[in-house]
Visitor: 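After the structure tokens below, expect a handful of questions from me.
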Amino acid sequence: MPTMTETIEEIVELWRLKGLFDDDRVETKMKEMKTNMLPDGSMVGHFPRWTCVIDENGFTCSCPDHQYRGSKCKHLGALAKSIKDSWDKEFPKEDDDVRNAT
């Protein structure tokens, strides 16, 4: 079973490949979403009509697309991208060459 980090990165990559993160609709979804982290480390995205969760056990969303098709829906994509964007801001990746030169 993949880790939570691997799951988030997989969902982000899937939606990046679909080209939807450059789409205004996904950015709008990200702005509509309220996120919070539960005490167990689960990440929850609250949308006006749906709720999605990414945790150590995987992911789920209450939207029909995920419930009936089992897809990694745009709500999960928006939550995963929001988490990844926050991580990238909080923990910027340093170039290995720069670290090794000092």
Side-chain angles (χ1 to χ4, degrees):
M1 171 175 256
T3 66
M4 187 169 159
T5 302
E6 291 167 337
T7 299
I8 289 167
E9 289 176 351
E10 174 190 324
I11 294 170
V12 168
E13 181 64 11
L14 169 72
W15 284 95
R16 186 191 67 75
L17 290 173
K18 289 185 175 185
L20 293 180
F21 284 140
D22 296 328
D23 187 1
D24 289 338
R25 290 175 296 165
V26 172
E27 292 299 323
T28 299
K29 285 285 175 211
M30 288 176 68
K31 290 176 186 171
E32 291 175 354
M33 175 181 58
K34 305 284 188 246
T35 61
N36 66 310
M37 185 169 78
L38 300 179
D40 67 358
S42 302
M43 297 301 297
V44 182
H46 301 278
F47 295 86
R49 294 179 63 191
W50 317 115
T51 300
C52 60
V53 178
I54 300 175
D55 62 19
E56 287 297 330
N57 296 315
F59 51 86
T60 190
C61 184
S62 61
C63 78
D65 190 32
H66 179 75
Q67 291 297 308
Y68 299 113
R69 293 182 196 92
S71 71
K72 294 174 184 151
C73 61
K74 63 187 169 212
H75 308 103
L76 287 165
L79 176 59
K81 182 159 185 345
S82 175
I83 295 166
K84 181 126 175 43
D85 289 351
S86 294
W87 286 348
D88 291 347
K89 269 191 216 173
E90 188 74 25
F91 309 105
K93 293 180 182 174
E94 295 180 26
D95 187 347
D96 288 337
D97 294 335
V98 172
R99 275 189 277 160
N100 291 336
T102 57

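Keep in mind it's a predicted model, so treat the numbers as computed, not measured.
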Visitor: Return the CD to CD distance between E9 and E6, rounded to the nearest 0.5 Å.
Guide: 7.5 Å
Visitor: Below 4.5 Å, heavy atoms only, C-beta onward: do F47 and C63 meet side chain to side chain?
Guide: no
Visitor: I need the full list of salt bridge (charged side-chain N to carboxylate O under 4.0 Å, His left out) pairs touching residues 58-71, with sequence neighbours left out, sorted by first then second residue.
Guide: D65-R69
Visitor: Taking all atoms of both residues into account, what is the closest heavy-atom pair of L76 and C61, and its distance?
Guide: CG-CB, 4.2 Å
Visitor: CD1/I8 to CD1/I83 distance, rounded to the nearest 0.5 angstrom?
Guide: 4.0 Å
Visitor: Inspect the contact between K81 and D85 and indicate whether a charged nitrogen and a carboxylate oxygen are less than 4.0 angstrom apart.
Guide: yes
Visitor: Between E56 (side chain only) and T3 (backbone N and O only), is there a donor and an acceptor less than 3.5 Å apart?
Guide: no
Visitor: Does any non-hydrogen side-chain atom of I54 lie less than 4.5 Å from one of M4?
Guide: yes
Visitor: Under a 3.5 Å distance rule, please check whether W15 uses its side chain to pair with a backbone N or O of K72 as donor and acceptor.
Guide: yes
Visitor: Quick check for you: to the nearest 0.5 Å, what is the distance between M43 atom CE and C52 atom SG?
Guide: 10.0 Å
Visitor: Measure from the side-chain N and O atoms of T7 to the backbone N and O of G58, and report whether any donor-acceptor pair falls under 3.5 Å.
Guide: no
Visitor: Using links of under 4.5 Å between side-chain heavy atoms of ILVMFWY residues, direct or through other members, which residues join L38 in one cluster?
Guide: V44, V53
Visitor: Look only at the side chain of S86 and the backbone of S82, and say whether a donor-acceptor pair between them is shorter than 3.5 Å.
Guide: yes
Visitor: Is the shortest heavy-atom distance from the side chain of P48 to the side chain of E32 under 4.5 Å?
Guide: yes
Visitor: Could you check whether any side-chain heavy atom of W87 comes within less than 4.5 Å of a side-chain heavy atom of T5, counting everything from C-beta outward?
Guide: yes
Visitor: Return the set of residues passing salt bridge (Lys or Arg N to Asp or Glu O under 4.0 Å) with D88 (not counting sequence neighbours), or none when no residue passes.
Guide: K84
Visitor: Counting C-beta onward and ignoring hydrogens, is there a side-chain heavy-atom pair between H46 and T35 closer than 4.5 Å?
Guide: no
Visitor: Find out whether W50 and H66 are in side-chain contact, i.e. whether some heavy atom of one side chain is under 4.5 Å from a heavy atom of the other.
Guide: no
